[in-house]
Structure formats: C-alpha cells, structure tokens
Amino acid sequence: MFKATIDAYLLKDSIETLSVLVDEARFRISPEGVVVRAVDPANVAMVSFDLTPEAFDDFEANDCELGLDLSRINDILGVADRDDKVQMELDEESKKLKIQIGGFSYTISLLDPSTIRAEPRIPQLELPAEIVLNGKDLQKAVKAAEKISDHMLLGVEGESFFMEAEGDTDRVKLTMTRDQLIDIKPSQVRSLFSLDYLSDIIKPASKSNEISLHLGNDFPIKINFSIANGKGTIGYLLAPRIESD
Amino acid sequence: MFKATIDAYLLKDSIETLSVLVDEARFRISPEGVVVRAVDPANVAMVSFDLTPEAFDDFEANDCELGLDLSRINDILGVADRDDKVQMELDEESKKLKIQIGGFSYTISLLDPSTIRAEPRIPQLELPAEIVLNGKDLQKAVKAAEKISDHMLLGVEGESFFMEAEGDTDRVKLTMTRDQLIDIKPSQVRSLFSLDYLSDIIKPASKSNEISLHLGNDFPIKINFSIANGKGTIGYLLAPRIESD
Amino acid sequence: MFKATIDAYLLKDSIETLSVLVDEARFRISPEGVVVRAVDPANVAMVSFDLTPEAFDDFEANDCELGLDLSRINDILGVADRDDKVQMELDEESKKLKIQIGGFSYTISLLDPSTIRAEPRIPQLELPAEIVLNGKDLQKAVKAAEKISDHMLLGVEGESFFMEAEGDTDRVKLTMTRDQLIDIKPSQVRSLFSLDYLSDIIKPASKSNEISLHLGNDFPIKINFSIANGKGTIGYLLAPRIESD
C-alpha cells in the first residue's frame, strides 16, 4: 500500500537526481519513506536517494517496491505547474500507479522491479578530505573544464580545494581557499574524474547552496546534498579515472 | 481592386490560423471582407476564415481573389514589430501585392488561384454537444495527451466535458465540470481525434479566452473562436478517427 | 612582453568583431595598443581592428605578435560573467598566454603567427558616399533582405540611402531619408553585396548606435564603428558582387 501527496516541484527535483544516471528505478517504499539505490549502466556512478515522509504533505505506506520509468514521470510533471500538488496511489491489484495532478488523472503501468537492475551495494570508503561548497561554484568549475578537456582533476592542496583540467594544448585551474568555501577538512588528495558524469551530476547538485565532496587519492568522489527542503538526501558516488602520467 | 491597412499583429495571428493547415491559400476578397476556405492536403481538417472590413484600419475592395504563399507573408511579418501597420495594395496588372510595413516596401508575386486547391464544401453537421472553454485549458489537455498517445478522445458525460488519451501502457483523463467551463450544452457524445492535427490547431486557438467545441458521436469536431478583437471568426472542422475497441 | 587587464565584456565584444570573419588571428601588440588586420578565407571581406591601451585597465607591452584561436578565447569568455576582469600575460618562453578570469587560471597555447594567413594590404579606395546610421537600422534591413534574396543592393538616390533585395518572385526596398539617418554625404552610387557576409558583419555592428558606411559604384563597402566605449575602432571592407542586368 502506498498513498502520498507531494509538491510537483519537489517530485520533479527528486526525479531529476535519479534520471541523470538511470532511465528506470526501483523505489523501495516503507513507513520510513522512499529509498532508491541505483547504478548507471556503465557501473561508473551510483546514487543513493532517501526521501522521508516529512517531504510529503500526506504519506501512508506499507513495505512495497515500485518500478518506474523515470521519463514517463518527467513527461507528466512537465505538463504540471511547479506549485501543483501531486497525489499518488498504488493500485496493487492492477500493478498501476494512479497520479492526480492539476486536474489530470494518470494511470501509469509499473515496471516489474525484477526487470530493473538490482540495487548496488554501496561500498564503505575512507575518504580523508571533505569540502563543503555552493553547488553553483562546482558547476562553474565543471563548465570551465568542459571547454578544455573531457576529464577533470579534483583535489586538496594545503588548505585549498582545487580543480584542474588539461587538454592537448590548454589548461585551466581553479583554486578555492578556505574563505571561499563553506567548510574544508583538508588532506593531501587528488583524483581524476570523467566530465561526462560530473556534468550530469552537477545539474541537480547545482541547485543546492551546500554540497559536500569527499575525496581520496585515486579514489571515488562522494557528492552529497539535501533535497526537498532538507527532507531528503542524495549521495552520488563516482569512480575515478586512472591518471596517466 | 484591393487596398487595406491592418495592424501587423492582427495579420500575423490571422495568417497563423491558416498556416497550421495549409502552405498556400486563396483569399476571396469583396466589399464584405476577406474569406478563406481551405482543407489540409490529407483531407482531414478544414478551416473557415472570415475577416470583416472592421478588422482593418482602411479597407477598399471589389470582388477579387488572391493566391498567397503563407510562409512568404509570415517571413515578412517576422521582420516587422507587432505594432507596425501593414498597408497592402493589389496591382492587378502585374498580379503582385504591394506591402508597406515598418518603412519597407515589398512586392510579392501572387500565386495563380487556379493552381491552389479548390475551396472545400463545408458540410452541414448535426453536432448535439457544445462546450465553451478557455483555449489555454484545451491546450493543456492536448499537451498532456501527447505525452501518452497519438490520439485523444473528447466527449461529454453527464454535465461534464472530458478528454482521455490511452497509450500502450498508460492513460490520462481530464474531466471539466460545468463550473470549470465557460458554458456547456450537454449531450452524451464521444469522438476520437488525431493529436497531430489537434496540436496544430490548438496553437492559434490557445490565444483565445473563449473557444467553442461542437461534438457528436464519432463525428467531426468543430472548433470555433474569434480573431482580430472579434472582427473575424475562425472555424476548424476535424474528421474523427475510428475508435477500435 | 605583454601584460594587460580588461573587462570581460569588452574583450568578448572585441573578439566577436574578428570571429565573424576568421577563426584564427594574429594580434600585433605594441605600446600603442593591439592591432589586427585579417581577411576571410574566401578573400571577400577584411577587418581592421584597433584597440588603444586606454581600452584596458592596465596595459604593458613591448612589440610582439600573438597567434590566437578565437573560438578558444570565446569558450573561456563564455564561462565568465560579463563584468569579470580578464588578466592576460604572455609567457614568452613557453609561448603560452596566461589568462586569469573569475578565479580561473587558464594557460593557452599560442599559434605560431607564421601559420596564420599574412596580414592583407588594406586598399585605399575613393568611396564618394558616406552614410551614418544606427547599427540596428542596418540590421533590420539585412534581415528583411534575407527573407527575399541572398544578395542586397545598397546605394544613395538623391539625398536618401536605400537598400533593395530582389528574389525570383519578390522584392523589398527600404529608403531612409536624411532625417532618418544620423548623417549623409550623398553621391549617386550603388553596389551589390552578398548577404552571407553582411549578416555576419552586422552582428557586432548592430550593437553600435552609430556606424558609418562608405559606398561607391560597384565598389567595396566600408563599415566603420567604434568599440570598447570609443577606445577602439573596427573597419570592415566587403567586396561587391557583380550586378547582372
């Protein structure tokens, strides 16, 4: 059983955090909220999505699992106004999700969760450096790097966070000192990442005033931020590329 | 003889009501105004266009017929400001239309009306249900339906107007009660229409605060609204698709 | 040696005046400022670009020549805000240009100037007619002409400036009298030009409230205007097309 009401823009922003990595997702629903763990088809990036019942206006649920085609939901939300309310109700018998929004009643066929890739195991990693900054600042760095290269080095030098991108002929570097960041827990680290993935992940992350990065040496990066006015959390884990010297 | 002046935005909006269905049109001109009757190349939709002399700042005309390439006129109007005045004058000898707009003088070759498809006979239909609503509301329904299917059911149930679209797996339904409509003359009807056509027709219709729909059972739909601040009328007639049960 | 600081939007607008004609350019730098003379690959249009040291916040230079890929610089400036400051410094040893902008440090490889097409000799021409007008007015004329043809006649009749375009079936003419122009030095002239080139050149020129055109009979047109708040000048020279009668 699942029956809930949420603001259209919250649902829209939530779905976007998943759709940058996957087309379909298994939503694990319980009285504690909604959980998604998904990995992109190339096994390079993972997302952990957690939405508490407080993100909803109304939320009633028993344990259940919904398989959803994210582009369908995006299509529907695209017609709605951002301040519309979305009412959702699971019809367990017909395996359909009923969605009421802006006067429209949708009936959406669910995907069989077993046909969707299984939840990944999220590895526990020791990432010694942590940087907290405005999502817009990281987005600007990603855009600058894209003009030069297809990958980007992120790291910490002394008490400063840096990003660097190097193409065949040109190079760009940005250094942000402690006073330009919200916070930093420094440690001498650096890892190289694909800009394909970073530029997708940064889209939802750039809407957050405060994102935290966890970095190691040639280790994955963790990018965490909250959604739904603090009533949900998103965590991305992106594998590093090997730096060729 | 034909000589007239009109606001650029009125001419632009008028031309758009035709160009969603046809590329070329015969404009039948007389002291009573301008009349176009046209049918789309696939014979699925017709448009009746009537502009009274009052839509113009100046209007002098004897009976004549102009064949116009609508995209040419659109191109010219695209350069103009919306509040420019358009002066038109037919040069009967050279078979050209002279257009003055925003300081520019255009000379446009007319098409031989006999090379343009003949005017269709507009059938007289008994359509028992009539719904009057805001054009934006129908546009929103068409957009929602497009996300689900390529055709759309329109009908009346009890005292409510409804639209419904059904795809391979999903469905959407919108019901508008009497108080959400401007007016309704109810009658138990339903007909299915191609969204290709509806989404073209809805573009000009959505600019009108008040459009009237006439519906029957598996019958064409009539969509009527006024243009040029009430000094002209547009009527579309769209053939139904056969509903396969 | 070259070290300078300039507003990002001034550099952006300056680069645009060149990039409409060429992809790469030789920047000739001296204590007197920055000079570029370039010709498009088809030898149809030339640009003379002069920026005085006063266009810069800081400017220190010995004689030197920089070969730049304009799209690279455009990419970098695209990430910057318009009111950012751009600091540039030539590293003569490594033949690289260092650019600081909005916190980012770029290192750009210079092109070997000898691989870039040599500076054209700018011909001295007797062009008897001069018209001074708002760049927006010429842009509107170019846009109107593009709807009708791929070339455009510019000339002077009596005390009026005119432009005319003629397609296979249609024609457009604009006449601007002395009171619609900023100034005119009349002389009976007319020349035909390719709209491909005019529509490129008009992009930067349309931002200027005052551009001056110099015209002759079947002679090139000179289009001059100032940039960088009067601290620089741009001159285009565009060859005529032969009018076939």
Side-chain angles (χ1 to χ4, degrees), chain B residues 2 5-9 11-12 15-16 18-19 22-27 65-116, chain C residues 131-182 184 190 192-193 195-196 198-203 205-206 209 211 213 245:
Chain B
F2 170 56
T5 304
I6 192 170
D7 286 318
Y9 78 92
L11 187 58
K12 209 165 181 166
I15 295 291
E16 189 196 11
L18 298 169
S19 61
V22 290
D23 298 329
E24 305 173 341
R26 297 180 182 209
F27 289 75
E65 207 175 25
L66 306 189
L68 287 178
D69 180 332
L70 300 176
S71 63
R72 295 254 139 177
I73 310 296
N74 264 333
D75 277 353
I76 291 174
L77 293 169
V79 178
D81 293 327
R82 277 183 74 77
D83 54 357
D84 278 340
K85 292 285 179 192
V86 188
Q87 283 177 275
M88 295 174 279
E89 186 172 358
L90 172 63
D91 182 336
E92 267 161 306
E93 212 144 301
S94 65
K95 297 203 183 295
K96 289 183 189 290
L97 186 67
K98 293 182 179 237
I99 300 180
Q100 306 268 352
I101 181 167
F104 292 95
S105 304
Y106 292 90
T107 311
I108 304 295
S109 292
L110 296 172
L111 304 173
D112 180 350
S114 71
T115 65
I116 302 176
Chain C
I131 303 101
V132 184
L133 76 170
N134 190 314
K136 292 248 171 313
D137 287 335
L138 187 59
Q139 186 181 39
K140 215 170 166 181
V142 167
K143 284 189 175 175
E146 285 176 324
K147 303 295 188 186
I148 304 291
S149 181
D150 58 358
H151 48 269
M152 184 183 188
L153 194 63
L154 295 172
V156 175
E157 279 173 340
E159 299 239 312
S160 295
F161 168 61
F162 75 94
M163 78 84 192
E164 202 176 325
E166 194 164 351
D168 290 339
T169 56
D170 305 335
R171 209 171 67 215
V172 61
K173 182 162 184 174
L174 173 73
T175 301
M176 294 182 79
T177 53
R178 184 180 278 280
D179 59 307
Q180 296 172 295
L181 300 166
I182 297 170
I184 185 166
R190 54 188 286 155
L192 189 73
F193 301 98
L195 279 164
D196 273 358
L198 276 177
S199 66
D200 282 343
I201 291 173
I202 200 64
K203 277 177 219 156
S206 69
N209 293 328
I211 64 176
L213 313 180
D245 294 294

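Quick caveat: nothing in here was measured; it's all calculated off a predicted structure. We name chains A, B, ... by the order of the sequence lines, and we start the count at 1 in each one.
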- Task: Under 4.5 Å heavy-atom distance to chain B, tell me which part of C:Ala165 shows up: side chain, backbone, both or neither.
- Result: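 Neither the backbone nor the side chain of C:Ala165 comes within 4.5 Å of chain B.
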- Message: Need one label for C:Met163: side chain, backbone, both or neither, based on atoms under 4.5 Å from any heavy atom in chain B.
- Response: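 Interface part for C:Met163: side chain.
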Would you name the heavy atoms of [X] and [Y] that are closest together and state the gap between them?
{"X": "B:Tyr106", "Y": "C:Ala144", "answer": "OH-CB, 3.4 Å"}
{"X": "B:Ile108", "Y": "C:Asp170", "answer": "CA-OD1, 3.5 Å"}
{"X": "B:Lys96", "Y": "C:Thr169", "answer": "NZ-O, 3.6 Å"}

Residues, nucleotides or ligands: over 12 heavy atoms within 6.0 Å of [X] [atom1]:
{"X": "C:Asp168", "atom1": "CG", "result": "no"}
{"X": "B:Asp91", "atom1": "CG", "result": "yes"}
{"X": "C:Lys136", "atom1": "NZ", "result": "yes"}

- If you measure from CD on B:Gln100 to NZ on C:Lys173, what distance do you get to the nearest 0.5 Å?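 One gets 11.5 Å once the value is rounded to the nearest 0.5 Å.
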- Query: Where do B:Ile76 and C:Lys147 land on the side chain to side chain contact (heavy atoms under 4.5 Å, CB included) test, with the steps shown first?
  - Reply: CA-CA 7 Å; B:Ile76 291 174; C:Lys147 303 295 188 186; 5.7 Å; no
- Item | Top contributor to chain C contacts, counting heavy-atom pairs under 4.5 Å, from B:Val79, B:Leu97, B:Thr107 |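 Between B:Val79, B:Leu97, B:Thr107, the count favours B:Thr107.
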- Query: With chain C, which of B:Gly78, B:Gly103, B:Ser105 has the greatest number of heavy-atom pairs at distances under 4.5 Å?
  - Reply: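 Option with the greatest count: B:Ser105.
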